[in-house]
Amino acid sequence: MEGRVKRFGIAKYGPPLIAGLAAACVIGLLELALPTYLKELDFRISDRMHQLRGPIKQDPRLVHVDVDDASVRALGRWPWPRGLDARVVDTLRGLGVRAIVFDVFFPRPTSSKEDPKNANDAAFTKALSSMGNVYLGSVLALTLGSAEESDEEGSGRLEMNYPDELMSRFTAPLPETVPLQLYSGTPRLLPMEAFARAARGIGHASATKDSDGTIRRNPLLVRLKDRLFPALSFRVALDILESDLSKVSLAPDAVIVRDVLFPGERVRKSLRIPVDDHGRLTVNFADKWDVAFKHKSVKDLLEEAEDPAKRSELEQDFKEAVVLFSVSATGSGDMGAVPLEPSYPLNGVHMNMINNILTRQFLVESRMATGIVQLLVMGIGVAILSIWLKPYVYFFVATGTIGAYVGVACVSFMQFGRILPVAPVVLVGMLSGTGILTYRYAAGEREKQKTRAALSPYFAPAVVEMILSDDMDRLMGGQRKELTILFSDIAQFTSLCEGVEPEMVQKVLQEYFNEMTRIGFNHRGTLDKFIGDGMLWFFGDPVPQEDHAVRAAFTALDMQAAMRPLREKWKREGRPELAMRIGINTGTVLVGNMGSEARMEYTVMGDAVNLASRVEGANKPFHTEIMLTERTLSMVKEAVEWRELDMLRVKGKKQGVAVFEVMAKKGELADLKRQVVAVYNQGLLAYKQRDWSGALVAFQQALALDKTDGPSQLYFERSKDFLKHPPPADWDGVYEMKSK
């Protein structure tokens, strides 16, 4: 028993597990073979989420001071004399700013030809010293590898450096254990030493691009030989939070800053900044460049600072502000693609990084281990759903599950800043669902072939197809329906078989049943059962048929037509010549799967079934082949040639039952037979009116046309008998059958 349970479990859950694991493995191999394809697809999806999300909270202290086109027209072509830069610094200091961040570079002294006395550089140095909190940008050549590899790649290019004591001011010692694969940097553009000594801090302004050329992440810390060099934005944020580089530590998925104090808070705490494996912060862009944060052009800044009417408002805007000085004039070249815009002034990257840290609005990407778990859960989960659902329902549920995951990913990004992998997980779900559907289809087809082969000898094709289509609810139990019942039997079968070898009887019956079954199935009838040499058919179920009565009548006619060549064949072969009688009745029956727990069969039950059997037997005295009841006639009279036979009181019935003979399909009755029927109908009318003499004359005329006409023979004998011995006055015209 335990073994059977285990095998059942494997058979049930094995294919979905295999489909899910296989889908995850295929997508995993695809990521290995095409490492950028799925990643870039995921980039585009997360970019779209970024765009749909809308703006996020922005620290009101952050202000852009832009060297824009208007400033260039008013103050001259960039780069400006450093005396003008000094004027901007002094103006901002006078307005009460907290910090000034230069996203422009000052690597070399002003040319002696332009400034023989070096007055501009001196003025700028003095302005930096006076301001105190000025941060200068630098450019590093970044590589993923050791500092030595970085040096080799940069050989032949100028490397700038400071004295150790100065460099130590702007960097921190490299920890003994570094849990991140940090970028290594080689200085390419550093502020000239005089400016560096006057500045509060220096940081790199280098950017890293993803494989599609878009900037989404920037390193917070870079390895500079045996030191850690901060990003310009990170250096500024540390001072604003009243911490420093000595309080920075590294974790496998974060840069941790201890002892920070956020504005408006009294308790110092540790700040955990999520980063990727290379120490890069995923930038959470606040909005498009021109609408994110406050912007003031240098031209307007200088003019309004000298205008007493505007200076007070300017002081309010810049009080305790963190100012980012950068160039945004046309042709500045410092442009690139970011998630929100294809052409974005890259100084905005630094401002957004500062905003992310100060407002603690971080984007957190899923780690590799988490991504693998998500792939497996999606792949196996989608496949396992197929165990309980029908294929067409499963398709919509699986699609909904995958869509729900996409929805969860969107909510996760927009509400919680969590970036979940979408492309690979969706592809795994689709591949898993397609795989399990393909498997189920193939396995189902194999099972259907086996089931069809096993059931076809016992069930009509319609029943077999219903079983195979899983529509078992209609087959189980019983339901009341109006159907047409056809009952057939071989006339005088017992006497015909006397003295005949059983093997020959079996062969004749098999040939007979094969032909009759073929005809019944052609008319989409359901073969209920074989009853000795008889057959029970019904029409109108399990496949609904509006014309079930016509199908039954045509089946009977085609069966009788097929008997003629069969009898000729049997006669030539010296076999018994069988004759068949058919009774048809339409009525309400109980149809469905019935029987015992040990054996069930799809069958019909009810009085209408019994009446069909009685009507079949009533053919005998009339010498007719097909007899049907009044209800059936009402449904087929426009499709067949028929005549009224009698009003019978069959055994087990108190009320008389009108019965009729079906002779041919509409328009196919022979002319002689049509004449016989016309004279027969005259005799039947006289018979009903108790005109026995008139009836005798009519039936005699009918027999003169066709002496084999059974109904005319029967009524001729009855009329002759009633002429001698009339029935009582209250006779209702009903003839009572003495046998079944």
Side-chain angles (χ1 to χ4, degrees), residues 63-95 97 99-139 160 188-205 232 236 289-290 293-307 310-311 314 317-318 321-335 345-351:
V63 181
H64 280 280
V65 171
D66 303 319
V67 180
D68 56 6
D69 290 339
S71 300
V72 169
R73 287 193 296 271
L75 302 172
R77 188 179 66 180
W78 179 265
W80 293 331
R82 287 173 182 163
L84 182 54
D85 296 331
R87 179 184 168 192
V88 173
V89 172
D90 289 338
T91 300
L92 291 171
R93 178 170 59 86
L95 293 173
V97 302
I100 303 173
V101 185
F102 276 93
D103 186 26
V104 294
F105 311 112
F106 307 100
R108 288 174 290 275
T110 303
S111 168
S112 58
K113 291 182 179 181
E114 298 177 6
D115 187 8
K117 296 183 178 181
N118 199 28
N120 283 293
D121 286 356
F124 190 57
T125 302
K126 181 180 179 182
L128 295 179
S129 298
S130 299
M131 175 62 203
N133 286 342
V134 178
Y135 301 85
L136 303 178
S138 61
V139 177
M160 301 184 68
R188 296 301 181 209
L189 294 176
L190 291 175
M192 54 185 286
E193 187 174 331
F195 296 161
R197 293 187 180 277
R200 168 74 175 177
I202 295 174
H204 77 82
L232 179 62
V236 174
W289 184 84
D290 56 349
F293 312 108
K294 299 174 184 176
H295 286 262
K296 180 71 72 173
S297 75
V298 176
K299 169 184 173 295
D300 292 342
L301 173 72
L302 297 178
E303 289 177 355
E304 292 175 15
E306 295 177 358
D307 185 345
K310 297 181 178 180
R311 185 175 177 87
L314 197 64
D317 290 340
F318 281 86
V322 177
V323 173
L324 179 68
F325 181 95
S326 59
V327 180
S328 60
T330 303
S332 63
D334 193 22
M335 307 288 284
L346 295 183
N347 55 71
V349 174
H350 311 303
M351 187 66 95

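- Heavy-atom minimum distance, Ser138 versus Pro191: CB-CD, 4.2 Å.
- Scored by the salt bridge (Lys or Arg N to Asp or Glu O under 4.0 Å) test, Asp115 finds no partners at all (sequence neighbours excluded).
- Distance check: Asp317 CG to Leu95 CG gives 9.5 Å after rounding to the nearest 0.5 Å.
- The ring pair (Phe, Tyr, Trp, His ring centres under 6.0 Å) test applied to His350 returns no partner, not counting sequence neighbours.
- Nearest heavy atom pair, residue Asn120 against residue Pro81, reads OD1-CB, 3.6 Å.
- Looking only at side-chain heavy atoms (C-beta outward), Ser326 and Val67 stay at 4.5 Å or farther from each other.
- The side-chain hydrogen bond (donor to acceptor under 3.5 Å, both in side chains) pairs that include a residue from residues 194-204 are Glu165-Arg197, Glu193-Arg197, Arg200-Asp239, where partners are two or more places apart or lie in different chains.
- Looking at every heavy atom in both residues, Tyr135 comes nearest to Ala99 through CE1-CB, 3.7 Å.
- Ring geometry for Phe195 against Phe106 counts as perpendicular: the plane angle is over 60°, on a 0 to 90° scale with 30° as the lower cut.
- Between the CG atom in Asn347 and the CG atom in Asp66 there is a gap of 6.5 Å [rounded to 0.5 Å].
- A donor-acceptor pair under 3.5 Å is formed between the side chain of His295 and the backbone N or O of Trp289.
- With Glu304 as the fixed residue, the side-chain hydrogen bond (donor to acceptor under 3.5 Å, both in side chains) test singles out one of Arg311, Lys310, Lys296: Lys296.
- For the atom pair Leu128 CG and Arg93 CZ, the distance stands at 11.0 Å (nearest 0.5 Å).
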Point to revise | Full working for side chain to side chain contact (heavy atoms under 4.5 Å, CB included) between Leu232 and Phe102 | key: CA-CA 9 Å; Leu232 179 62; Phe102 276 93; over 6 Å; no
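- Taking CD of Glu306 as the reference point, atom CG of Leu301 lies at 9.5 Å (rounded to 0.5 Å).
- Looking at Val97 and Met131, their side chains come closer than 4.5 Å, going by heavy atoms from C-beta outward.
- Applying the side-chain hydrogen bond (donor to acceptor under 3.5 Å, both in side chains) test to residues at least two apart or on different chains, the pairs with a partner in residues 69-84 are Asp68-Ser71, Asp69-Thr330, Arg82-Asp121.
- Residues forming a side chain to side chain donor-acceptor pair (under 3.5 Å) with Ser328 (at least two apart in sequence, or on another chain): none.
- Taken from CZ in Phe325 to CG in Leu92, the straight-line distance is 9.0 Å, to the nearest 0.5 Å.
- Using a 4.5 Å heavy-atom cutoff, the side chains of Leu302 and Leu75 are in contact.
- By the salt bridge (Lys or Arg N to Asp or Glu O under 4.0 Å) test, Glu114 is found to be paired with no residue, residues two or more places apart in sequence or in another chain being considered.
- Comment: Arg87 does not engage Asp90 in a salt bridge, judged by the lack of any side-chain N to carboxylate O separation of less than 4.0 angstrom.
- Counting heavy atoms from C-beta outward, Met335 and Pro345 have side chains that approach closer than 4.5 Å.
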